[in-house]
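Excluded from the calculations below are hydrogen atoms, water molecules and symmetry mates; all remaining heavy atoms, backbone and side chain alike, are included. In what follows, residues are counted from 1 in the order of the sequence shown.
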Amino acid sequence: MSFEPIGSSFSLRDGDFVHLRTPAANVGKIEVVGWPNGISVEVPYPDEYAILNRDGDVIDWL
């Protein structure tokens, strides 16, 4: 899974997931593209985004 245009990426195993915390005004501007071996999430930049693990802990900032 990658987040663009920042270039932050995560390797996820079956059953793993991450959450993207973003201002509500950006939700309609996010583009998600599925590839054969992954997912790319294009976010409006600049802004502040938090990537959260399954426990809700911040693991990265975009």
Side-chain angles (χ1 to χ4, degrees):
M1 167 171 255
S2 66
F3 292 90
E4 303 295 343
I6 316 310
S8 188
S9 63
F10 301 90
S11 294
L12 303 175
R13 294 190 175 117
D14 189 27
D16 284 346
F17 59 89
V18 294
H19 297 274
L20 174 67
R21 184 172 60 204
T22 181
N26 288 338
V27 171
K29 301 173 187 173
I30 295 172
E31 180 181 348
V32 179
V33 178
W35 303 97
N37 293 319
I39 297 171
S40 176
V41 179
E42 183 85 25
V43 296
Y45 190 78
D47 212 321
E48 188 172 285
Y49 304 92
I51 307 299
L52 311 172
N53 64 14
R54 68 172 56 235
D55 298 321
D57 300 320
V58 175
I59 56 174
D60 198 6
W61 290 95
L62 305 181

query = How long is the gap from CD1 on I30 to CG on L20, to the nearest 0.5 Å?
reply = 5.0 Å
remark   = So the salt bridge (charged side-chain N to carboxylate O under 4.0 Å, His left out) pairs with at least one residue in residues 14-38 (sequence neighbours excluded) are D16-R54
ask   = Hey, any chance W61 and V41 share a hydrophobic cluster, counting ILVMFWY side chains that come within less than 4.5 Å of each other, even indirectly?
value = no
ask   = Would Y45 and F10 show up in the same hydrophobic cluster when neighbours are defined by side-chain heavy atoms closer than 4.5 Å?
value = yes
inquiry  = Please say yes or no: joined through hydrophobic side-chain contacts below 4.5 Å, possibly via intermediate residues, are I39 and V33 part of one cluster?
reply    = no
ask   = Tell me, do I6 and Y49 make a side-chain contact under 4.5 Å, heavy atoms counted?
value = no
query = Nearest 0.5 Å, what's the OG-CE distance between S11 and M1?
reply = 11.5 Å
inquiry  = Side-chain heavy atoms nearer than 4.5 Å, only ILVMFWY residues, links allowed to pass through others: does that put L62 and V58 together?
reply    = no
query = Quick one: which of I59, N53, L52 gives a side chain to side chain contact (heavy atoms under 4.5 Å, CB included) with V18?
reply = I59
message = Using 0.5 Å steps for rounding, measure from the CD1 atom of I51 to the CG atom of D57.
response = 13.5 Å
